[in-house]
Protein chains: 2
Amino acid sequence: MTESLDATDWSILAELQRDGRLPLTELGRRVSLSASAATERVKRLEAAGVITGYRADVDLTKVGFLVLAVVRLKYPGSRHEPLHRLLGERSEILECLRTTGDDCYTLKVAATSMAHLEQLINELAQFGGTTTNLVYSHTLPYRGPQRP
Amino acid sequence: MTESLDATDWSILAELQRDGRLPLTELGRRVSLSASAATERVKRLEAAGVITGYRADVDLTKVGFLVLAVVRLKYPGSRHEPLHRLLGERSEILECLRTTGDDCYTLKVAATSMAHLEQLINELAQFGGTTTNLVYSHTLPYRGPQRP
DNA sequence: CTCTACAGCCGGGAATCTGCCGGTATCTTT
DNA sequence: AAAGATACCGGCAGATTCCCGGCTGTAGAG
């Protein structure tokens, strides 16, 4: 359980982060392992919680979310439940990081229009001061963590 | 190609964002479609670029990246190529958003230790002023965009 | 109104993949 | 040296995916 990952495990993680639907036979081929050995390692990684799941990646602009923004929320209070409830209800809030510094939360928010974004910001502003920056572009194709 | 998505498409996206490895037979069952019809829709979504890929989700702390930070980079220059090269080389930089406002870039950075983070910040600081906030926790299980 | 074209869906069968089993080699422990 | 543990391989049964032909409902042309 506390075992560390070897080079093969890292290769497997790299492959599955690039293509989560890679068949185990092909995965085995790429990491120079038989399909069953590769399967066993993947299962182990899943059971250990290293791989937490598999997700389809959706192009936000292709589904109507044309506006992406980073919102920093200064939340002076200590009662975080109402905010967490909002986060759970609003799927437009794609990511929420609680951070050090003046701004307790950094959110990534998707909206279909400026009006939509404004409404989301208004909801968030109930909790504290917000700082919003629109996102021009994602500069990176996600590849996830690699071997340190 | 410019076609909009119907409710079934949204259901498919929701299911595949929750579990990208859902078998097409089970997917069809969940959205009340035959396996072949579900397959056809998924293929169409992939071909249209709505689904851009599938990824395994990796727990950063389980693979040794114990430190997560949000770094904002004020980059006054106009030559972005060197920065982009760094982003491509450093897989610790998980995400890079180019934004409006004083800070041109907002980065999500993973590191194995404070020393490692410091080194990354130093590399980034060559390009401009940085503001770094450590991340206590991810508050959200990713579920991706849902029907607007 | 009818006919044709087309899009979406269904079912079936071939090819492929997954999950499970037993067997082998290597390394550690006793 | 023997016993045990670990990681790997090959093979097979069952499940899944892929591809095909056929069916139905809608839209547009005649």
Side-chain angles (χ1 to χ4, degrees), chain A residues 1-59 61-64 142-148, chain B residues 1-59 61-64 142-148:
Chain A
M1 192 195 189
T2 30
E3 306 197 18
S4 180
L5 306 173
D6 65 13
T8 304
D9 287 321
W10 280 106
S11 299
I12 288 174
L13 290 179
E15 293 292 339
L16 290 181
Q17 283 181 109
R18 183 157 45 215
D19 179 6
R21 284 210 144 175
L22 200 63
L24 294 168
T25 57
E26 175 62 20
L27 175 62
R29 207 167 294 138
R30 297 205 186 167
V31 301
S32 303
L33 232 50
S34 74
S36 52
T39 305
E40 194 179 333
R41 281 186 181 252
V42 172
K43 294 272 179 247
R44 197 179 1 252
L45 291 169
E46 290 170 355
V50 175
I51 296 174
T52 58
Y54 301 88
R55 296 206 319 260
D57 223 349
V58 172
D59 184 329
T61 65
K62 290 276 173 66
V63 295
Y142 186 88
R143 39 184 182 357
Q146 308 290 325
R147 179 156 34 94
Chain B
M1 192 194 190
T2 32
E3 307 197 18
S4 180
L5 306 173
D6 64 14
T8 303
D9 288 319
W10 279 107
S11 300
I12 287 173
L13 291 179
E15 294 292 339
L16 291 181
Q17 283 180 109
R18 183 157 45 213
D19 178 8
R21 283 208 146 175
L22 200 63
L24 294 167
T25 57
E26 176 61 21
L27 176 63
R29 208 166 295 138
R30 297 204 187 168
V31 302
S32 304
L33 230 52
S34 74
S36 52
T39 306
E40 194 179 333
R41 281 187 182 249
V42 171
K43 295 273 178 242
R44 198 183 355 255
L45 290 169
E46 290 170 354
V50 175
I51 295 175
T52 57
Y54 300 87
R55 294 203 323 256
D57 223 350
V58 171
D59 184 330
T61 66
K62 290 275 174 65
V63 295
Y142 186 88
R143 39 186 185 353
Q146 308 290 327
R147 180 157 34 93

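We name chains A, B, ... by the order of the sequence lines, and we start the count at 1 in each one. Atoms considered below: every heavy atom in the structure, side chains included; atoms not considered: hydrogens, waters and symmetry mates. As the structure is a prediction and not an experimental result, all values here were calculated from the model.
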Go along nucleotides 13-24 of chain C 5' to 3' and tag each nucleotide: B for a protein heavy atom under 4.0 Å from its base, S when only backbone or sugar atoms are that close, - otherwise.
----SBSB----
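- The B:Ser34 side chain lies nearest to C:dC10 when the options are D:dC9, C:dC9, C:dC10.
- Remark: C1' of D:dT17 and CG of B:Leu33 are 16 Å apart, rounded to the nearest angstrom.
- Evaluation of the side chain to side chain contact (heavy atoms under 4.5 Å, CB included) rule for B:Ala14 yields B:Gln146 as partners, not counting sequence neighbours.
- Every residue meeting the side chain to side chain contact (heavy atoms under 4.5 Å, CB included) condition with A:Glu40, not counting sequence neighbours, appears here in chain and number order: A:Arg44.
- One interatomic measurement links the two molecules: CG of A:Leu45 to C1' of D:dA7, which rounds to 14 Å at whole-angstrom precision.
- Taking atom CG of residue B:Asp9 and atom P of nucleotide C:dC9, one finds them 9 Å apart after rounding to whole Å.
- A salt bridge (Lys or Arg N to Asp or Glu O under 4.0 Å) check over residues 20-39 of chain B, counting only residues at least two apart or in different chains, returns the pairs B:Glu15-B:Arg30, B:Glu26-B:Arg29, B:Glu26-B:Arg30.
- For A:Ala35, the side chain to side chain contact (heavy atoms under 4.5 Å, CB included) test picks out A:Thr25, with sequence neighbours left out.
- The side chain of A:Arg44 places no N or O atom within less than 4.0 Å of a non-bridging phosphate oxygen (OP1 or OP2) of D:dT6.
- Nearest heavy atom pair, residue A:Ala48 against residue B:Lys62, reads O-NZ, 3.2 Å.
- Taking atom CD of B:Glu40 as the reference point, atom C1' of C:dC10 lies 10 Å away to the nearest angstrom.
- For the pair B:Leu27 CG and D:dT16 P, the computed distance is 12 Å after rounding to whole Å.
- Residues forming a side chain to side chain contact (heavy atoms under 4.5 Å, CB included) with B:Asp57 (at least two apart in sequence, or on another chain): A:Thr52, A:Arg55.
- When distances run from any side-chain atom of B:Ala37 to the nucleotides C:dG8, C:dC10, D:dC9, the shortest one goes to C:dC10.
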